[in-house]
Novice: 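Before we start, here is the structure in question, set down as structure tokens.
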Protein chains: 2
Amino acid sequence: MGKGDFLGEFEQMVLLAVLHQDRTGYGMSIRQEIEARTGRDPSIGSVYATLDRLEEKGLVHSHQGASLPERGGRARRHFALTPEGAAALRAVRRMMDRMWAGADMRGAGGEV
Amino acid sequence: MGKGDFLGEFEQMVLLAVLHQDRTGYGMSIRQEIEARTGRDPSIGSVYATLDRLEEKGLVHSHQGASLPERGGRARRHFALTPEGAAALRAVRRMMDRMWAGADMRGAGGEV
DNA sequence: CGTCATATCTTCTAGTTTGTAGAAACTCGG
DNA sequence: CCGAGTTTCTACAAACTAGAAGATATGACG
């Protein structure tokens, strides 16, 4: 019924960013990973909101980082992919691959 | 501000289905294309809602089909990709490729 | 002919989930 | 206490969803 059976667009990006920084990534660094790769500039709030949703769904797991930041601040919350998260990523990838299969962009949107 | 600068997940799928059936596709057939390729079973209402949104954004163009259906019913509304739609598709593809680049799923979600 | 039953297709309505941004709160070192 | 680095909260906009309602053509049947 719900739409919650699939990954939204931004959820995919965040999940991939978590994968790229497995176990070491936290809010800020994940935001940066996305920015560096895509040029998008999501607000930090968006990232956390999505991260929280992904954790609720069991696709991601978080734990408090040891507090040894040298330079002050609140303890980091590190994220890691769960097996379910990895599976969701593979599933969405498979779906999109099928949708793209045979796509011919030459002349798309041509003569009206 | 809005999120509307990018393509949502389902918007991507619909846009690709339109591409695959360029100029001949209409609500029902587009729904089927998605189902056939991905196994998803979106309601027809979802498809039209998304198609309308895409047309508003100028990514898709629609026109009434000639009424020669042999077997009664309302006239079909055919869809085609616009140049902007093709560009949006290429853009989202590029973004996702960058997010996936170097993704290593081996052992992802491993030892907790 | 007329109008009705039926098949196709589209539009409308109403609600949930995702995505967004910015402000507020927390926590550490100095 | 103050400033820097982080996370959480609040409030709203956009995307997604399903199903019911509306529209429009054809063929049947009197």
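By convention in this document, chain letters (A, B, ...) are assigned in the order of the sequence lines, proteins followed by strands, and residues within each chain are numbered from 1.
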Novice: Strictly distance-based, threshold 3.5 Å: is any side-chain N or O of A/Ser46 a donor or acceptor partner for the main-chain N or O of A/Pro42?
Specialist: no
Novice: How long is the line joining CZ of B/Phe79 and P of C/dC9, in whole Å?
Specialist: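 Distance check: B/Phe79 CZ to C/dC9 P gives 13 Å.
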Novice: Output yes when A/Glu84 and A/Lys57 qualify as a salt bridge under the 4.0 Å nitrogen-oxygen rule, no when they do not.
Specialist: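 Salt bridge between A/Glu84 and A/Lys57, a charged N being under 4.0 Å from a carboxylate O: no.
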Novice: May I ask you to verify if any side-chain N or O of B/Arg77 is less than 4.0 angstrom from the OP1 or OP2 atom of C/dT11?
Specialist: yes
Novice: Between D/dT8, C/dG19, D/dC16, which nucleotide gets closest to the side-chain atoms of A/Glu9?
Specialist: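 Of the options given, the side chain of A/Glu9 lies nearest C/dG19.
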Novice: How many whole angstroms separate atom CG of A/Asp52 from atom C1' of C/dG19?
Specialist: 13 Å
Novice: Please tell me which of B/Ile44 and B/Ala49 maps to the more 5' nucleotide of DNA chain C, matching each residue to the nucleotide holding its nearest heavy atom.
Specialist: B/Ile44
Novice: C/dG19 C1' sits how many Å from A/Ile34 CD1, rounded?
Specialist: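 Rounded to whole Å, this separation is 12 Å.
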Novice: Does a side chain donor of either B/His63 or B/Arg23 reach within less than 3.5 Å of an acceptor in the other side chain?
Specialist: no
Novice: Among C/dA21, D/dT24, D/dA15, which is the nearest nucleotide to the side chain of B/Arg74?
Specialist: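 Nearest listed nucleotide: D/dT24.
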Novice: Which comes earlier along DNA chain D counting from the 5' end, the contact point of B/Asp41 or that of A/Arg53, where each point is its nearest nucleotide?
Specialist: A/Arg53
Novice: Can you tell me how far C1' of D/dT8 sits from CD of A/Gln64, to the nearest Å?
Specialist: 12 Å
Novice: For B/Thr50 and for B/Gly45, locate the closest nucleotide of DNA chain D by heavy-atom distance; then report the residue assigned to the nucleotide nearer the 5' terminus.
Specialist: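 Comparing both residues, the 5'-ward one is B/Thr50.
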Novice: Answer yes or no: does a side-chain N or O of B/Arg40 lie under 4.0 Å from OP1 or OP2 of D/dT17?
Specialist: yes
Novice: Can you check whether B/Ser46 has a side-chain N or O nearer than 4.0 Å to OP1 or OP2 of D/dA18?
Specialist: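 Yes, within the criterion.
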Novice: Using atom CZ of A/Phe10 as one end and atom P of D/dC16 as the other, report the distance to the nearest whole Å.
Specialist: 15 Å
Novice: Heavy atoms from C-beta onward define the side chain here; which of C/dT20, C/dT18, D/dA15 lies closest to that of A/Lys57?
Specialist: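 Output: C/dT18.
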Novice: Could you check how far CG of A/Asp5 sits from C1' of C/dT16, rounded to whole Å?
Specialist: 12 Å
Novice: Out of C/dC9, C/dT18, D/dA15, which has the shortest distance to the side chain of B/Glu11?
Specialist: D/dA15
Novice: Rounded to whole angstrom units, what separation is found between the CG atom of A/Leu15 and the C1' atom of C/dG19?
Specialist: 16 Å
Novice: What is the distance, to the nearest angstrom, from the CG atom on B/Leu59 to the C1' atom on D/dA15?
Specialist: 14 Å
Novice: Are the charged groups of A/Asp97 and B/Arg37 less than 4.0 angstrom apart, N to O?
Specialist: no
Novice: Which part of the nucleic acid, if any, lies within contact of B/Gly27, taking any heavy atom under 4.0 Å across all strands shown: a base, the sugar-phosphate backbone alone, or nothing?
Specialist: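 Counting heavy atoms under 4.0 Å across all strands, the contact made by B/Gly27 is with sugar-phosphate only.
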Novice: State whether B/Ser43 places a side-chain N or O below 4.0 Å from either non-bridging phosphate oxygen (OP1 or OP2) of D/dA18.
Specialist: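 Result: yes.
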Novice: Flag the pair A/Asp5 and B/Arg40 as a salt bridge only when some basic side-chain nitrogen lies within less than 4.0 angstrom of an acidic carboxylate oxygen.
Specialist: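 Salt bridge absent between A/Asp5 and B/Arg40.
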